[in-house]
Student: 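Below: one structure in C-alpha cells.
Just so you know, these numbers come straight off a predicted model, no measurement behind them.
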Amino acid sequence: MHFRSVEDASVREALRELLYARLNVDIPGHRKKLPPGSVRQAFNRARRFLEFVRGELGSVDFQRIDQLLLDRYARHLQANRSRRPVIVAHLLEAPSDLYAYRDHLPSGGLPFQPWAGAAPARVAGYRHVRENRTPRIPEEIISPLLAWSIRYVTEFAADLFAAREEMDRLEAHCAALVEQDSVLERQDRRRHQRNRLEDYFARLRSEGRGVPIWGTAHNGIFLRHPETGDLSPPVNSHLLHLHIGIDTLVEPKMHIQLTNGAPRQIRAAVLELGVETGGMDTPISILPETGKPWRPRFDAKSLEAEERMLQSAAYIICAYLTGMRDCEVQAMQRGCLSLTRSEDGVIMRHRVRSIAYKGRSSRGKPAEWITIEPVAKAIEVLERLSLRAASSRGLTTLWPVLIARPVCKDHLSAEIVRQLNRFRDHLNDLFGTPDTPAIPNGADDRSWRITTRQFRRTIAWHIANRPFGTVAGMIQYKHASVAAFEGYAGSSRSGFRAEVENQRSLGQLDDLLTYFDERQAGATLSGPAATRIAKTLDSISGNLDPLPAMIASLARTLHVGVLADCFFDPGTAACLKRATGATGPLTTLCQPTLCPNACITARHRPAWARAAEEAANLLKEKRLSQLQRSILQQNLERARTVLNGIDKDRSAPGC
C-alpha cells in the first residue's frame, strides 16, 4: 500500500486506523482478522469512501458524517451503470466497518449504524444472492451426527475421564520412581527399571494381556512380529516408561528400547504374550449393538485425540440445539450453566450465559439462552474436559485448545471447523464401513463438509417446518423450539426467531413446489381441502419462472403436519373454533378429516397406518367400557377410510 499516493492527510490517517484495526482485531459475528494478502483490496475500497467524504465535507471527520451522506455515496456508486450491484455491495462495506471497529479506532469511527443495520448487499440492490447461502445439513446426516455426539457426551465421556485419571496417576507414579532412583548410580537405576519391567510383564501375563503397542504407527516405524512377520504399530515405550520410572524428556539416553536398555526382554515378552493395542488399564464400555468395546484401549496419543473428539461432540450439541452462533457458543465460560424455574414457577429450565455479538459492539453484550437437557449435559462435560488446559493458561473459557504445548494458541476459534470434520471421519472409522459410513455422504457421494453456520440454519428450518420431527431418536424439535423461544434465543435481539421465520417461508415454498410437482405427475389429494388445493394447483401454469403470485400466496398458508397438511384460512379453521385468542393453526386441536383447511397426501399414510394399528390393538382389550370401545371403533373406521382413500389414489392410473 502506498499511502503517499493519498493526497489528503485526514484520508491517510483514517485509512491507517481502519486497516490497522482490520489486520489486528477479530470481531466475532462481523469480521475476522484481515489476511495480509487482502489488505490492498481493503485499502482501495476504504479509500474510495473516505475520499468521497473528504470531497463532501472538506476533510474526514466521522462525527460530521450522517445517514444522508451515506445515501449520497450509495447513489454515487449506483450512478455508474457499468458497475455491477455486487461491486457496489463490496464498496458499501467500508461505512459498516467504520462503525463495527469504532471501539478500535483512535478517532472513534462512525457513531451510528449505517442504514440501520441493513446488509450492504441489500442497500446495493444485489438481489441475485440470498443473504443466507449456508447449506442446510440434510436430515440423514444431522441425525446420526447428533446421535453419536450425544453418545460421546453421555456414554463415552466416562471412559475418557477415567483414562485421564489413570494417566495422571501413572505420571505421578513415574515421577515418584524417578525421584526415588535419583540417588542411585546409573547401573543400579537400570537394574531397578528392568526388575519393574519384569514385574509389569508378569502382571500382564496373569491378566492374559499382551505387550502394549501404539494405536497407530505415528512415527513411521512398525513392529514386525519375530515369528509371523506381521506388521503392527511399535511397542508403546511411553507406557512402559511410566510404569518403570523413566523420563526420556530429561534423560533421552535412558530409553528402554536402546541397546543398554531392555530390548531383548521386550522382544521375549512380545513372543510370549503377544501385543495389545493401547495398553492402558481403563476398561472400555461395551457398545450394545455390537457386544464389543466401542474402541481399543487408550494410549497417551489416542486419549488426547479422543478428548478432542469429545470437545467436537459437545460443540455440535451446543451449537445445534441452542441456535447460538459460533461466536456465541465459543464465548461460553466455566460456570455459565444454571438451573432455574420458569417465569410461572412450574418448569425447571437450563440457562446458559454467554455473549451476544450480532449488531453489538466488538465486545458484545451478556445474554442468556434457555436450552434443553442434552446441552446442559454437554456443558457439564466441557467444564471437566477444559479445566486442565484452560487453567494452565489462566483462562476460564470452555473452548481452549486441549493440547498443552507452549506454541499452541489458547482458544479453539476457527480450528473448530477442521476438528468437526475430523470428528465426522473419526466416526466413520470407528463405527462405519466403506459401504455404510456412520455419517452418510452428501448428494455428490462425498463426505459432507461441516461448517459452524450450518447448525443454526438447519435447526431453524426444522423448528419452522418439521416441529414434530425427531432427531437422534430422542429429541423432538418442538421441545427445542419451546425452550429456545422462552429465553433470549427467541427474542428479537438474537435474531433467532427471525431466522426461524425466514426458514419457515423458504420451507413453505419448497413444500408447495413439491405439491405442485406431484400434482403435475398425476397425484391426487384427499381430505376436506383437497378440491380447493387441487383446483388452485391445476390452474397454475407449468412455467414457474418467474414464480406465480398465486403459488407464493398459497405457500404462505401451508403448514406441514403429521396426519394432514394445513392450508390455513382463519375464517374456516376448525381448530380456532375451539380456542380463543389464537391467530395461527393449533396443531394439537387439528381435525384432519373435518377441517376445510386439511389436505391429506400419500406422505401422511404411515401416521394413519400407525393410528389404525394402535386402535385395533386396543380394541382387543376385553376390559374396555362400552364408551371407550365406541370411541376406538370410530377412530379405527376414520383411519381406515383415510387409508382406503390414499391407497385408491395411489393405485389409480397415472399415479
Student: Quick one, I266 with L197, criterion side-chain contact (heavy atoms from CB on, under 4.5 Å). Give me CA distance, side-chain angles, the key distance, then yes/no.
Tutor: CA-CA 9 Å; I266 295 173; L197 183 62; 4.1 Å; yes
Student: Are E373 and R349 close enough, and set up right, to give a salt bridge (charged side-chain N to carboxylate O under 4.0 Å, His left out), and what steps lead you there?
Tutor: CA-CA 9 Å; E373 185 182 3; R349 288 293 192 201; over 6 Å; no
Student: Please determine whether side-chain contact (heavy atoms from CB on, under 4.5 Å) holds for the pair L430 and H426, giving the CA-CA distance in whole Å, both sets of side-chain angles, and the decisive distance to 0.1 Å.
Tutor: CA-CA 6 Å; L430 273 184; H426 183 67; 3.3 Å; yes
Student: Do you know the tightest heavy-atom contact between D299 and I213?
Tutor: OD2-O, 4.4 Å
Student: Starting at CD1 of I142, measure out to CD1 of I439 and round the result to the nearest 0.5 Å.
Tutor: 8.5 Å
Student: Can you tell me how far apart CZ (R418) and CG (L412) are? Round to the nearest 0.5 Å.
Tutor: 10.5 Å
Student: Does anything in residues 276-297 pair up under side chain to side chain donor-acceptor pair (under 3.5 Å), and if so which pairs, sequence neighbours excluded?
Tutor: R151-E289, D159-S285, D159-W294, E166-T282, R203-D281, R209-E276, R209-D281, R295-E306
Student: For R393 and D410, what are the C-alpha separation, side-chain angles and deciding distance, and is it a salt bridge (charged side-chain N to carboxylate O under 4.0 Å, His left out)?
Tutor: CA-CA 7 Å; R393 300 167 184 150; D410 292 336; 3.7 Å; yes
Student: If I compare all heavy atoms of N428 with all of P437, which pair ends up nearest, and what's the gap?
Tutor: OD1-CB, 3.4 Å
Student: I'd like to know whether I450 forms a side-chain contact (heavy atoms from CB on, under 4.5 Å) with W448, so could you lay out the CA-CA distance, the side-chain angles of the two residues, the decisive distance to 0.1 Å, and finally the verdict.
Tutor: CA-CA 6 Å; I450 304 169; W448 180 270; 4.1 Å; yes
Student: Please step through side chain to side chain donor-acceptor pair (under 3.5 Å) for the pair Q193 and R196, ending with a clear verdict.
Tutor: CA-CA 5 Å; Q193 291 163 1; R196 293 174 191 140; over 6 Å; no
Student: Does S392 use its side chain to pair, donor to acceptor, with the backbone of A389 at less than 3.5 Å?
Tutor: yes
Student: Could you measure the distance from the CZ atom of F201 to the OG atom of S206? Nearest 0.5 Å is fine.
Tutor: 13.0 Å
Student: Applying side chain to side chain donor-acceptor pair (under 3.5 Å) to Q454 and T451, what does each step give before you reach the verdict?
Tutor: CA-CA 6 Å; Q454 294 170 359; T451 64; 3.2 Å; yes
Student: Identify all side-chain donor-acceptor contacts of residues 168-177 below 3.5 Å with residues at least two apart in sequence or on another chain.
Tutor:
unit_1 : atom_1 : unit_2 : atom_2 : d
D168   : OD1    : R388   : NH2    : 2.6
D168   : OD2    : R388   : NH2    : 2.9

Student: Is the closest side-chain donor-acceptor distance between Q333 and T397 under 3.5 Å?
Tutor: no
Student: Just how far is it from atom CE of M167 to atom CG of L160, taken to the nearest 0.5 Å?
Tutor: 11.5 Å
Student: Would you tell me whether E328 and S354 have side-chain atoms, one donor and one acceptor, within less than 3.5 Å of each other?
Tutor: no
Student: How about R353 and S338: do any of their side-chain heavy atoms sit closer than 4.5 Å?
Tutor: yes
Student: OG1/T216 to CZ/F222 distance, rounded to the nearest 0.5 angstrom?
Tutor: 9.0 Å
Student: Closest approach of P36 and L23, non-hydrogen atoms and distance?
Tutor: CA-CD2, 4.2 Å
Student: If you compare all heavy atoms of L145 against all heavy atoms of F455, which two are closest, and at what distance to 0.1 Å?
Tutor: CD2-CE2, 4.4 Å
Student: At their closest point, which heavy atom of A313 faces which heavy atom of F423, and how far apart are they?
Tutor: CB-CZ, 3.8 Å
Student: May I ask you to decide if T452's main-chain N or O and D326's side chain share a donor-acceptor pair within less than 3.5 Å?
Tutor: no
Student: Step by step, would you call E251 with R189 a side-chain contact (heavy atoms from CB on, under 4.5 Å)?
Tutor: CA-CA 12 Å; E251 293 184 288; R189 290 165 59 198; 2.4 Å; yes
Student: With the threshold set at 4.0 Å, does a side-chain nitrogen-carboxylate oxygen contact exist between E165 and R384?
Tutor: yes
Student: Between E415 and R422 (salt bridge meaning N to carboxylate O under 4.0 Å), is one present in this structure?
Tutor: yes
Student: If I compare all heavy atoms of G279 with all of P212, which pair ends up nearest, and what's the gap?
Tutor: CA-CB, 3.6 Å
Student: Is it true that a side-chain atom of R205 and a backbone atom of Y200 form a donor plus acceptor pair closer than 3.5 Å?
Tutor: no
Student: Run R351 and T340 through side chain to side chain donor-acceptor pair (under 3.5 Å) and show every step you take.
Tutor: CA-CA 7 Å; R351 297 176 183 266; T340 57; 2.4 Å; yes
Student: Sub-3.5 Å donor-acceptor pair from the side chain of N421 to the main-chain atoms of V417, do we have one?
Tutor: yes
Student: For G278, does its backbone N or O pair with a side-chain atom of N236 as donor and acceptor, under 3.5 Å?
Tutor: yes
Student: Donor-acceptor pair, distance only, cut-off 3.5 Å: does the side chain of T154 make one with the backbone of I150?
Tutor: yes
Student: Students often mix this up, so state it plainly: with edges at 30° and 60°, are the rings of F156 and F431 parallel, tilted or perpendicular?
Tutor: parallel
Student: Can you check whether R308's main-chain N or O pairs, donor with acceptor, with S312's side chain at less than 3.5 Å?
Tutor: yes
Student: Hey, does W399 have a side-chain heavy atom less than 4.5 Å from the side chain of M332?
Tutor: yes
Student: May I ask you to test the P374-L321 pair for a side-chain heavy-atom distance under 4.5 Å?
Tutor: yes
Student: Within the 4.5 Å heavy-atom criterion, are M254 and R186 side-chain neighbours or not?
Tutor: yes
Student: Kindly determine whether D188 and R191 satisfy salt bridge (charged side-chain N to carboxylate O under 4.0 Å, His left out), including the steps that lead there.
Tutor: CA-CA 5 Å; D188 293 335; R191 186 173 66 254; 2.9 Å; yes
Student: Can you check whether V178 reaches I246 side chain to side chain, under 4.5 Å on heavy atoms?
Tutor: no
Student: Atom CZ in R424, atom CG in D429: separation rounded to 0.5 Å?
Tutor: 10.5 Å
Student: Ignoring hydrogens and angles, tell me if any N or O in the side chain of Q330 forms a donor-acceptor pair with the backbone of S413 under 3.5 Å.
Tutor: yes
Student: Please tell me if the side chains of R22 and K33 come closer than 4.5 Å, counting only heavy atoms from C-beta onward.
Tutor: no
Student: Answer yes or no: is there a side-chain heavy-atom contact under 4.5 Å between N260 and R190?
Tutor: yes
Student: Is there side-chain contact between R457 and I137, with heavy atoms separated by less than 4.5 Å?
Tutor: no
Student: Return yes if some donor-acceptor pair links the side-chain N/O of H241 with the main-chain N/O of I256 below 3.5 Å, else return no.
Tutor: yes
Student: Between S386 (side chain) and L382 (backbone), is there a donor-acceptor pair under 3.5 Å?
Tutor: yes
